[in-house]
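Right, one structure below, let's go through it.
Remember, predicted model here, so these are calculated numbers, not experimental data. Whatever order the structure lists ligands and atoms in, that order sets their numbers, starting from 1.
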Amino acid sequence: MKQNPKLQTIQENMAPGAYTAHGFLGDDTRNLLDILKQDQFDINKLGTTHEEVARRMRYFTEIGITSPDVPIVVDDIYEVTVDDHRGYIPCPFADNVKEIKRNTKLTNLTLGKTIYWSDLTIHMIEKHGFYEGKGSFFRNDPDTLYMLLGL
Ligand SMILES: [Zn+2]
């Protein structure tokens, strides 16, 4: 589907080398509008919201921040490690938001699966419904997040 010029500009901000070395789209060949629509569809199907997913991610990150670089077991079935931050990164949606470059690693010990996100990932999910493109390092699709975060 064709997207408006504003989204097109944002998509260009997401290319490798624009805001970050690897960009936000991975090897996804869809345009930004189609990525957003598919993830919105999947979130609706799960009966949750972007805000709910982001709130759950922030819950773990905020616990991890209390002991940077040290794995912390949370609620018996999660292990969270938050790395120390190194500067700031602007949101590619060009809304003047800058997030700390800080990464969270979460392992669901019951499922034996690990996922990663950054503070910017949380912001982009919460405010823009953007989970990044397929193949992007911080991409976790709604189903994966729903399952691993225990939503
Ligand atoms: Zn933003």
Side-chain angles (χ1 to χ4, degrees), residues 1-69 72 74 78 80-108 113-151:
M1 187 178 284
K2 195 160 164 49
Q3 60 190 2
N4 67 38
K6 186 163 177 256
L7 268 189
Q8 191 57 40
T9 301
I10 293 166
Q11 180 152 4
E12 285 160 15
N13 294 342
M14 293 176 171
Y19 278 36
T20 70
H22 299 288
F24 300 92
L25 296 166
D27 52 12
D28 207 319
T29 55
R30 298 172 295 168
N31 70 27
L32 180 55
L33 180 62
D34 291 333
I35 293 171
L36 293 169
K37 287 176 92 163
Q38 182 63 51
D39 286 333
Q40 180 69 62
F41 180 84
D42 289 345
I43 282 291
N44 292 348
K45 201 172 58 184
L46 290 163
T48 187
T49 61
H50 305 307
E51 292 79 7
E52 198 63 44
V53 172
R55 192 176 306 132
R56 187 74 172 149
M57 293 164 88
R58 190 169 286 121
Y59 166 74
F60 290 114
T61 295
E62 285 177 354
I63 291 172
I65 287 168
T66 61
S67 291
D69 299 318
I72 301 173
V74 180
Y78 304 96
V80 179
T81 313
V82 173
D83 70 14
D84 230 343
H85 69 87
R86 302 173 299 272
Y88 289 82
I89 182 169
C91 174
F93 285 83
D95 51 7
N96 294 319
V97 168
K98 281 190 168 69
E99 292 288 348
I100 294 172
K101 274 191 183 177
R102 179 166 50 204
N103 301 329
T104 299
K105 173 186 175 189
L106 176 131
T107 300
N108 181 313
K113 288 195 159 67
T114 299
I115 55 175
Y116 298 85
W117 65 78
S118 69
D119 282 26
L120 182 60
T121 313
I122 301 175
H123 164 79
M124 291 193 298
I125 289 174
E126 183 173 44
K127 299 297 180 193
H128 309 293
F130 180 60
Y131 294 72
E132 306 197 15
K134 290 187 196 301
S136 179
F137 181 71
F138 287 117
R139 159 89 190 175
N140 292 297
D141 59 43
D143 288 290
T144 300
L145 288 169
Y146 189 83
M147 191 173 61
L148 264 73
L149 297 175
L151 282 158

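- Residues D42 and Q38 have side chains that bring a donor and an acceptor to within less than 3.5 angstrom of each other.
- Applying the side-chain contact (heavy atoms from CB on, under 4.5 Å) criterion to H22, with sequence neighbours excluded, gives no partner residue.
- Note on the Zn ion (ligand 1): protein N, O or S atoms under 2.8 Å away count 4, no waters included.
- Salt bridge K37/D34: absent, no basic N to carboxylate O contact under 4.0 Å.
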Between F130 and Q40, does the side-chain contact (heavy atoms from CB on, under 4.5 Å) criterion hold? Intermediate values first, please. CA-CA 9 Å; F130 180 60; Q40 180 69 62; over 6 Å; no
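- No more than 12 heavy atoms of other residues, nucleotides or ligands sit less than 6.0 Å from atom NZ of K98.
- No side-chain donor-acceptor contact under 3.5 Å links H50 and H128.
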